[in-house]
Amino acid sequence: APAIEAAAAQGVHIVVIDSDVNAASVATYIGTDNYLAGQMAAEAALEGVPEGALKVGIVNYDINSANGQARERGAVDTFTASGRSEVVATIHTLAEAESARRDTLDMLRAHPEINVLLAFNEPTSVGAAQAVEELQLGDALWMVGFDSNLVTIDALQTGIVDALVLQNTYEMGYFGVQSAYKLLAGQRSEVERHVDTATRIINRDNLFALDSQKVLFPVS
């Protein structure tokens, strides 16, 4: 925030994309409603496991990340409200695949009762999926990841991952440039303070639908 304020004091227009900053000089934040995204992840798990108790493991990243914490709160609140879910373990790992893989392995070995696994960004989803595959638990638990790359898309097709919460990164970039143009053109009144970009659930049922493919591969 201090760096943002210092830049703004020199006449720089501030457009924040994906991760908000608690600074008064931010002209607009463009990104996901992270609390809602966490709710969506939990709802996907509740729908995917329609009967019985959910024993949930959460793989989150940096505990100081506002995005990750908002996603976790949304998921936990939704699970609590369901009346049939218990978060039995939560880990905060580095936002990189290998650390997430190792820490998820430790969590799953320590808590074999886990039958639902949530991972809250792209690298932790990759690492968590690798841990599930390594322990051959693809049929034993329901996994929801965030964002996508070739690893998680392949894991979705093979059944290691059951659903992905996808942010619309194309919209973030598009509205970011549009907002920057309006600010430079003196049209600040036309720039919204918060632009919530669309988030959707991708699973094996809708993976090959045209709308899903546009989100998965926005430049193709």
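Just so you know, these numbers use all the heavy atoms, side chains as well, and skip hydrogens, waters and symmetry mates. On a predicted model such as this, the values are computed, not experimentally measured, just so you know.
Cluster partners of I58 are L36, M40, L46, V49, L54, V56, Y61, V76, F79, V87, V116, L118, F120, W142, V144, F146, V165, I201, counting Ile, Leu, Val, Met, Phe, Trp and Tyr whose side-chain heavy atoms approach within less than 4.5 Å, directly or via other members.
Side-chain atoms of N206 come within 3.5 Å of backbone N or O of N203 as a donor-acceptor pair. For T104 (side chain) and R101 (main-chain N/O), no donor-acceptor pair under 3.5 Å exists by modelled atom type. Here the side chain of E192 pairs no donor or acceptor atom with the backbone of V195 at under 3.5 angstrom. Between the N149 side chain and the T152 main chain, a donor and an acceptor come within less than 3.5 Å of each other.
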- Message: Set out, in order, the CA-CA distance, both residues' side-chain angles and the distance that settles side-chain hydrogen bond (donor to acceptor under 3.5 Å, both in side chains) for T197 and N168, then state yes or no.
- Response: CA-CA 6 Å; T197 51; N168 195 323; over 6 Å; no

- Item | side-chain contact (heavy atoms from CB on, under 4.5 Å) between T158 and E133, worked out | CA-CA 10 Å; T158 60; E133 184 172 25; 5.8 Å; no

- Output, in order, the C-alpha distance, side-chain angles, deciding distance and verdict of side-chain contact (heavy atoms from CB on, under 4.5 Å) for I160 and Q130. CA-CA 8 Å; I160 299 300; Q130 290 171 337; over 6 Å; no

- Task: Output, in order, the C-alpha distance, side-chain angles, deciding distance and verdict of side-chain contact (heavy atoms from CB on, under 4.5 Å) for E96 and V126.
- Result: CA-CA 8 Å; E96 58 98 8; V126 170; over 6 Å; no

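Between L135 and L105, the closest side-chain pair of non-hydrogen atoms falls below 4.5 Å. Counting heavy atoms from C-beta on, the side chains of H92 and Q69 come closer than 4.5 Å. Residues N121 and R71 form a side-chain contact, since some pair of their non-hydrogen atoms from C-beta on lies under 4.5 Å apart. The closest side-chain heavy-atom distance from L141 to L108 is below 4.5 Å. Two residues are said to be in side-chain contact when any heavy atoms from C-beta on lie closer than 4.5 Å; D103 and T124 fail this criterion. Using a 4.5 Å cut-off on side-chain heavy atoms (C-beta onward), Q167 and D18 make contact. You'll find the side chain of S179 reaches within 4.5 Å of the side chain of I30, heavy atoms only.
A pairwise comparison of heavy atoms in A89 and H111 identifies CB-CD2, 3.7 Å as the closest pair. Contact record, A128 with A119: CB-CB, 4.1 Å, taken as the closest heavy-atom pair. Residues N60 and E72 share a closest heavy-atom pair of ND2-OE1, 2.8 Å. Pairing each heavy atom of A37 with each of T32, the nearest pair is CB-CG2, 3.9 Å. In plain terms, the two heavy atoms of A129 and A155 that are nearest each other are CB-CB, 4.4 Å. When all heavy atoms of A8 and S25 are compared, the closest pair comes out as CB-CB, 3.3 Å.
Within 6.0 Å of CD in E43 there are more than 12 heavy atoms belonging to other residues, nucleotides or ligands.
The list of salt bridge (Lys or Arg N to Asp or Glu O under 4.0 Å) pairs with a residue in residues 75-91, not counting sequence neighbours, reads K55-E86.
Linking Ile, Leu, Val, Met, Phe, Trp and Tyr whenever their side-chain heavy atoms come within less than 4.5 Å leaves I91 and I63 in two separate clusters. Cluster membership check: L184 does not share its hydrophobic cluster with V191, using side-chain heavy-atom separations under 4.5 Å among Ile, Leu, Val, Met, Phe, Trp and Tyr. The same ILVMFWY cluster, assembled from side-chain heavy atoms under 4.5 Å apart, contains both I14 and V21. Linking ILVMFWY side-chain heavy atoms closer than 4.5 Å, directly or via other members, places Y170 and V16 in two distinct hydrophobic clusters. In the hydrophobic clustering of ILVMFWY residues, with side-chain heavy atoms under 4.5 Å counting as a link, V177 and Y181 come out apart.
In this structure, the separation between CD on E122 and CG on L166 is 9.5 Å, given to the nearest 0.5 Å. Taking OG of S148 as the start and CG of D154 as the end, the distance is 12.5 Å to the nearest 0.5 Å. To the nearest 0.5 angstrom, T78 atom OG1 is 12.0 Å from R73 atom CZ. I202 contributes atom CD1, which lies 4.5 Å from atom CZ of R200 (distance to the nearest 0.5 angstrom). In this structure, the separation between CG on D196 and CG on D33 is 5.0 Å, given to the nearest 0.5 Å. Here the straight-line distance linking atom CG of D147 with atom CD1 of I153 works out to 10.5 Å at 0.5 Å rounding.
Residues satisfying the salt bridge (charged side-chain N to carboxylate O under 4.0 Å, His left out) criterion with D162, sequence neighbours excluded, are R204.
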